[in-house]
Amino acid sequence: MGQRGRGRVAPAVVAALCAVAALPAQARAADEAASYTFDPSAERVQGAASNTDARRLRAGGTYRDAIGPGGRLFYRLELDAKSHAYVSATAVPRPGTEVSFDDELKVTLQDRDGDACGYDTARFGSARFARPLGTYAHRTIEEDGPCQERGSYYALIERTGAAGSSSDPWELEIRHVTEPGVRPGGPTEAPEDWPSGSPAPPATQTRERRGGTGFHGATGMNQGEWRDRIRPGETLFYKVPVDWGQQLFASADLGSTAGEGYVAHALTMALYNPARGLVDRANDISYNGRQKSTALDPLPPVAYENRFDSSDSVNAMRFAGWYYLKVSLSPDVARHFGTQALGLSLRLNVEGGEGEDAPAYAGAPGEFQVTDEDRAAAEHGRSRPAAARGDTMRLVAAGGIGAGTVLVLGLGAWTFVARRRAAGRAGGPGPGAGAGPGRDSGAPTGYGPPASW
């Protein structure tokens, strides 16, 4: 058993080393392309034109598909009568393709009668350049709410737009997650008021942090001022852990550069919640080469009861977890100010101390919480791929130590045996060896391990 266990160490270490060797090349390729990085674990699916043929999405799964102009894609969900359910879609048009103000992505969650449990839309709006666009739909467990029964439901993803927009398909990243309900006696009404005054800027030294290129690869950040660089046409993703009772404030500055010109709606910034639902957008930055700034409007502290509010931005601050900032720079900036990256500063305040107790969930909260590992990832700027690389390196270290120890002990044993047998050939059998004329001593005929190995 022990030998078989050691025998498995070497292949694991070799595989880990191969994975580590491949990572820099993958990172360079992603950086050079500056395009959206999909979750590598996402499963390819094909949405159906009718709900009858809809493919089932499992809770906790991430999927990839594509949608053309005027497309309508159905997917099937199996929901219980106790959990909140969410389906998000992130559309990724090819960089440089034509998009219009009215190009829209819509996600609807429907019951078996075709009635909507919930829906939401996302548009490019006045910033008419191709970039990732995301939204979600949800079924909320509430008294007298729609779609409370257990059974089959359907997610419908639609794309609409203007005639002059590109006919190229948009790639889709789809995610389905569930959140446990709360035990009886939990909150059932929206909060009446909350602090809306903006805090003073964070009194910390500015630090460097490179953004990711997708939700999966978003870079962790915490309170403070962060500096990065963004190229024309690029979209960067960051994530911030926000716990129960904490309030997030975020602003972005686009740095100055040489050149003359003017680009309307040059930089956009949006906030998404842990289920990848759009919370709010900051006012777009129009750019003339001088430094410009924008900020999200004040948002409520994270609270379970926010889900009962009619305002989309309040309703979306419904659970703890990773909140995502998406920042995009228009490719038109390159025509006036060159293709070089511009300075980008992000200022984050997370008010509310250490947070409050979580609601009395009737099950494990899963990703709707903030863990010590999340706080460490935010402090050290780790993304999910970076965390995976860290796990790989720990495997390499552990495996390397184990395999190295076995190798050293094995070589030591081989040397000892070889010397004993060499002594036997030179001066006859050693004490107690039992070898003599007419017997095979088993001594090797040359260098290397004994023949019995």
Side-chain angles (χ1 to χ4, degrees), residues 30-40 42 62-69 71 73 86-107 120-137 157-161 165-166 168-175 210-219 228 230-240 250 252 265-282 284-285 296 316 322-333 344 346 383-385:
D31 184 64
E32 289 165 2
S35 59
Y36 188 87
T37 302
F38 291 88
D39 185 341
T62 304
Y63 301 86
R64 287 188 63 175
D65 203 349
I67 188 169
L73 303 177
Y86 306 89
V87 179
S88 67
T90 303
V92 186
R94 185 170 55 83
T97 55
E98 291 292 329
V99 297
S100 75
F101 179 95
D102 293 324
D103 278 345
E104 178 181 272
L105 179 72
K106 182 178 181 180
V107 181
D120 207 348
T121 60
R123 294 185 181 90
F124 289 102
S126 300
R128 295 191 292 268
F129 62 91
R131 62 191 185 276
L133 192 71
T135 188
Y136 77 160
I157 299 177
E158 300 173 272
R159 172 184 168 184
T160 58
S165 300
S166 171
D168 290 352
W170 293 350
E171 290 287 322
L172 291 175
E173 186 170 67
I174 305 164
R175 179 130 174 91
R210 179 62 182 160
T213 51
F215 280 105
H216 176 75
T219 304
D228 200 351
I230 185 169
R231 296 193 300 271
E234 189 172 39
T235 295
L236 299 177
F237 287 77
Y238 310 86
K239 59 181 183 179
V240 187
H265 309 284
L267 185 129
T268 70
M269 181 172 72
L271 179 70
Y272 294 81
N273 67 20
R276 302 187 184 182
L278 178 63
V279 178
D280 202 6
R281 287 181 53 178
D284 297 343
I285 287 177
L296 294 170
W322 288 110
Y323 280 76
Y324 299 87
L325 282 170
K326 176 174 71 77
V327 182
S328 303
L329 184 62
S330 170
D332 288 344
V333 171
L344 175 67
L346 298 172
S383 61
R384 288 179 185 172

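Computation of the quantities below employed the complete heavy-atom set of this structure, encompassing side-chain atoms and omitting hydrogens, waters and symmetry-equivalent molecules. Numbering of residues begins at 1 and proceeds along the displayed sequence.
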Test log, rule side-chain contact (heavy atoms from CB on, under 4.5 Å), inputs Thr160 and Lys106: CA-CA 8 Å; Thr160 58; Lys106 182 178 181 180; over 6 Å; no

Q) Where do Phe101 and Ser126 land on the side-chain contact (heavy atoms from CB on, under 4.5 Å) test, with the steps shown first? A) CA-CA 6 Å; Phe101 179 95; Ser126 300; 3.7 Å; yes

With side-chain contact (heavy atoms from CB on, under 4.5 Å) as the test, would you mind laying out the steps for Thr90 and Arg175 before giving the verdict?
CA-CA 9 Å; Thr90 303; Arg175 179 130 174 91; over 6 Å; no

Q) Thr219 and Leu236: side-chain contact (heavy atoms from CB on, under 4.5 Å), yes or no, with the steps? A) CA-CA 9 Å; Thr219 304; Leu236 299 177; over 6 Å; no

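Two residues are said to be in side-chain contact when any heavy atoms from C-beta on lie closer than 4.5 Å; Leu133 and Val99 fail this criterion. Proximity of Thr213 to Tyr36: side-chain heavy atoms (C-beta onward) are nowhere separated by under 4.5 Å. At least one side-chain heavy atom of Met269 sits less than 4.5 Å from a side-chain heavy atom of Leu296. Counting heavy atoms from C-beta on, the side chains of Thr121 and Thr135 never come closer than 4.5 Å. At least one side-chain heavy atom of Trp170 sits less than 4.5 Å from a side-chain heavy atom of Asp103. Residues Asp65 and Ile174 form a side-chain contact, since some pair of their non-hydrogen atoms from C-beta on lies under 4.5 Å apart.
The line from CG of Asp168 to OG1 of Thr97 is 6.0 Å long, rounded to the nearest 0.5 Å. Separating the CD1 atom in Ile285 from the CG atom in Leu329 is a distance of 9.5 Å, to the nearest 0.5 Å. Between atom CZ of residue Arg131 and atom OG1 of residue Thr235 there is a gap of 7.5 Å, rounded to the nearest 0.5 Å. Here the OG atom belonging to Ser88 is positioned 7.0 Å from the CZ atom belonging to Phe215, to the nearest 0.5 angstrom. The CZ atom of Arg128 sits 10.5 Å away from the OG atom of Ser330 when rounded to the nearest 0.5 Å. Atoms CG and CG, on Leu278 and Leu105 in that order, are 11.0 Å from each other to the nearest 0.5 Å.
Residues Asp39 and Thr62 share a closest heavy-atom pair of OD2-OG1, 3.7 Å. Between Ala270 and Arg281, the closest heavy-atom pair is CB-CG, 3.8 Å. Nearest heavy-atom pair, Val333 versus Ala266, reported as atom, atom and distance to 0.1 Å: CG2-CB, 4.0 Å. Summarising the geometry of Thr268 relative to Asp284, their closest heavy-atom pair is CG2-OD1, 3.5 Å, with the distance given to 0.1 Å. Minimum heavy-atom separation, Ala66 to Pro169: CB-CB, 4.4 Å. The two atoms that bring Ala122 and Gly134 nearest to each other are CB-O, 3.5 Å, heavy atoms only.
Aromatic ring centres of Phe237 and Tyr324 lie farther apart than the 6.0 Å criterion allows.
Atom CD of Glu171 has more than 12 heavy atoms from other residues, nucleotides or ligands within 6.0 Å.
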